[in-house]
Amino acid sequence: MKKLMDLIEQEIASAFEAAGYERKYAKVTLSNRPDLCEYQCNGAMAGAKVYKKAPIMIANDVIAHLTEKKYIAEIEAVNPGFINMKVNAEAVSEYLNEMKAEEGLGIEKAKEPKMILVDYGGPNVAKPLHVGHLRSAVIGESIKRIARKMGHKVLGDIHLGDWGYQMGLIVTELQKRQPDLPYFDESFEGEYPTEAPFTIGELEEIYPTASAKAKADEKYREEALHATYLLQNGHRGYRAVWKHIMRVSVADLKKNYENLNVEFDLWKGESDAQAYIPDMIADLKEKGFAHEDQGALVIDVQEETDTKEIPPCMIQKSDGASLYGTTDLATLIQREEDYHPDHVIYIVDKRQELHFVQVFRAAKKTGIVPEETKLSFLGFGTMNGKDGKPFKTREGGVMRLENLIAEIEDEMYQKITDNRTVEESEAKETAKIVGLSAIRYGDLSNQASKDYIFDVDRFTSFEGNTGPYILYTIVRIKSILNKYMAEGASVDGLCMQAAAGDSEKALMLEAAKYNEVMENAYEELAPHKICAYIYDLSNAFNRFYHETKILSEEDAPKKQSYIALLVLTKEILESCIDVLGFEAPERM
RNA sequence: CUCCACGUAGCUCAGCAGGAUAGAGCACUCGCCUCCUAAGCGAGGGGUCGGAAGUUCAAAUCUUCUCGUGGAGGCCA
């Protein structure tokens with residue numbers, strides 16, 4: 001359904017037209033002076049020059065020609081030329097009733113759904129997830145869900161780092177430790193064991209050990225490089241080891257992402273793109289897109305309008321090996337073949353921006369990706385500790401994601417048991433749910449592109465702009481609705497009446513913004529706008545709650561109207577937190 | 001050195017397709033539970049929006065310069 005602001009704008013636009021002014025000046029915005037009005041239009045001032053009239057005259061003119069007044073209840077021109085409006089409470093309640101009855105709470109879904117692919121996560125196999133992986137996972141998941149909410153067809157791809165030197169290192173170290181394994185017996189022709197020769201714990205230890213050895217020992221490094229080469233060229237035993245690594249590691253990653261409530265539709269990785277590389281390189285050479293430069297194979301991506309030098313996109317090192325640009329391009333070929341996406345969104349550390357500029361340009365220039373396909377880079381900032389420096393453990397090491405989650409859950413558990421007496425198992429479960437909201441909301445409430453400070457105390461607080469505060473608000477509503485239903489009444493099919501009080505109307509106007517906020521968050525790929533919105537909505541609800549005795553209201557239609565408003569508020573909040581990737585408990 | 005991002009209250013952050021008195025939260029001071037979760041609500045103090053010019057009727061928002069911080073700049077991702 002249409003946005004409330006657009007409905008208001010239509011009325012005022014007709015008045016602009018009737019008064020002889022262009023409709024485009026009728027842009028309506030939310031009032032920045034809530035003490036004066038609810039909505040405003042500043043078009044009279046914008047048009048003053050064109051029409052050579054004082055803004056206030058235009059404003060008065062427009063008001064005089066306002067004939068449709070379904071939504072605009074009060075309108076007033078104020079110097080120098082503001083047009084201030086208040087909305088008809090009756091129309092707002094009707095709007096909300098319609099919204100409540102609709103499937104998607106009034107969201108106007110895309111008429112032509114796009115195929116969108118979100119590339120996020122990006123963990124390396126055989127390495128534990130650390131806090132650096134949090135942002136990509138949380139932001140990507142949210143972008144995916146927002147786009148889905150807007151009616152698009154969206155696939156999330158984890159894009160595993162599962163190929164290359166790191167794998168060679170593990171194979172080499174494993175061979176040193178267990179040389180008798182059949183994988184390393186060149187004459188072995190039988191079936192390899194189905195059981196992996198290591199656990200995830202061992203794997204996580206093998207990699208850093210091997211990496212350290214390679215740095216210290218040139219010979220070891222060469223062995224690892226050779227193992228990498230053999231693996232990539234189909235060495236039977238190494239491939240079998242690689243499959244074990246993948247199976248063990250992916251199982252562990254799935255578990256960890258599940259704990260974070262992050263779900264990938266595709267578990268593709270760099271290895272999947274590998275098959276496309278030889279043809280791609282041959283093709284790029286043949287068509288003249290790629291040329292040799294200082295021994296490496298590159299694609300020029302410099303454009304005339306550039307103010308700075310953009311280095312070429314490198315697709316092959318001088319030793320013939322491929323590198324991340326190669327894989328990223330090949331992955332695009334694969335995606336084009338498999339899904340033909342209209343839009344690919346990369347959720348990656350912002351420091352990789354230049355690399356993606358190169359890849360995007362190369363992809364477009366070479367026709368790997370059609371001209372009309374949108375390629376977006378959503379770069380996120382660093383997660384810092386309280387000291388403003390990259391987040392570390394107390395000992396100064398890299399913090400594992402699962403440890404961070406556990407720490408937050410403990411903190412939450414403490415708070416829950418300190419505040420109320422709850423059963424052990426329920427407290428644990430609630431701590432988990434609320435803890436996750438604290439982490440995600442803490443991250444998402446900041447603009448993705450900026451660095452932010454991860455402050456455990458602040459994020460787990462129940463006060464202020466935090467996940468727990470939002471959940472607390474939802475729980476409050478649920479509690480009232482449960483009591484209402486316990487009296488034998490049903491919450492279904494109730495309708496709202498026009499708001500009688502200020503806090504009620506404020507809550508209603510806030511609720512009416514839902515579809516607009518969601519659309520805007522989608523267009524700008526900005527989950528933090530949803531956070532800001534539900535914080536406002538929660539505040540509006542809590543104010544209303546404080547002044548209004550809902551269950552003890554004696555006027556039955558009024559009471560039902562309150563309940564209907566509560567149901568709608570709850571549904572909006574739940575829809576928003578779902579898009580942010582967490583949910584509300586029954587009690588807390 | 002070149003390019004990019006950021007700089008808003010003591011702290012953490014919004015606002016930045018220009019609009020009226022720059023907003024929250026935390027912290028600080030005060031008030032509100034015989035009443036649906038006080039993990040709440042209300043009130044108060046706290047700002048030359050890093051600095052300087054410019055564009056405009058109007059600049060935190062746009063442009064240029066400048067200072068500070070962080071980042072990137074062909075064979076790691």
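Just so you know, these numbers use all the heavy atoms, side chains as well, and skip hydrogens, waters and symmetry mates. Per chain, numbering begins at 1; letters A, B, ... match sequence-line order.
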Legend entry - Distance (rounded to the nearest 0.5 Å) between A:I408 CD1 and A:L436 CG: 10.0 Å
Inset, instruction - Starting at OH of A:Y535, measure out to SG of A:C576 and round the result to the nearest 0.5 Å. - result: 16.0 Å
Legend entry - Whole-Å distance separating the CG atom of A:L323 from the C1' atom of B:G74: 9 Å
OP1 or OP2 of [N] under 4.0 Å from side-chain N/O of [X]:
X	N	answer
A:Q447	B:G15	yes
A:H546	B:C33	no
A:K350	B:G71	no
A:R476	B:G40	no

Legend entry - Nearest-nucleotide pick for A:K317, side chain only, options being B:C75, B:A20, B:G74: B:C75
Detail all sub-3.5 Å separations between protein N/O atoms and N/O atoms belonging to nucleotides 65-70 of chain B.
none

Legend entry - B:C26 - base-pair partner by Watson-Crick or wobble geometry, distances under 3.5 Å: B:G10
Legend entry - Pair A:Y346, A:D328: side-chain N/O donor-acceptor within cut-off below 3.5 Å: no
Inset, instruction - Would you mind telling me which residue lines up with the more 5' stretch of RNA chain B, A:D455 or A:I550, judged by nearest nucleotide? - result: A:D455
Inset, instruction - Starting from the 5' end of RNA chain B, give me the residue, A:P312 or A:N79, whose nearest nucleotide shows up first. - result: A:N79
Inset, instruction - Measure the distance between the ring centre of A:Y535 and the centre of the six-membered base ring of B:A24, then answer whether it is under 5.5 Å with planes under 30°. - result: no
Legend entry - Face-to-face contact A:F462 to B:A39 six-ring, under 5.5 Å, under 30°: no
Going by modelled atom types, is there a donor-acceptor pair between the base of [N] and the side chain of [X] at under 3.5 Å?
X	N	value
A:N84	B:A20	yes
A:Y324	B:A77	yes
A:S318	B:C75	yes
A:K483	B:C36	no

Inset, instruction - Could you classify B:A17 for me, syn or anti, using a glycosidic angle within 90° of 0 as syn? - result: syn
Inset, instruction - Syn or anti for B:C28, please, going by whether the chi angle lies within 90° of 0. - result: anti
Inset, instruction - Count the heavy atoms belonging to other residues, nucleotides or ligands that lie under 6.0 Å from NE2 of A:H226, then report whether that count exceeds 12. - result: no
Inset, instruction - Please measure how far the C1' atom in B:C11 lies from the corresponding atom in B:G47, and state the result in whole Å. - result: 15 Å
Inset, instruction - Determine the interatomic distance between P on B:U61 and the same-named atom on B:C6; round to the nearest Å. - result: 13 Å
Inset, instruction - Please determine if A:K415 forms a cation-pi arrangement with A:F462, meaning its NZ or CZ atom is less than 6.0 Å from the six-membered ring centre and no more than 45° off the ring axis. - result: no
Inset, instruction - Please work out whether the ring planes of A:F544 and A:F541 are parallel, tilted or perpendicular, with thresholds of 30° and 60°. - result: tilted
Inset, instruction - Quick one: label A:Q40 by what it contacts on the DNA or RNA (base, sugar-phosphate, nothing), any heavy atom closer than 4.0 Å. - result: base
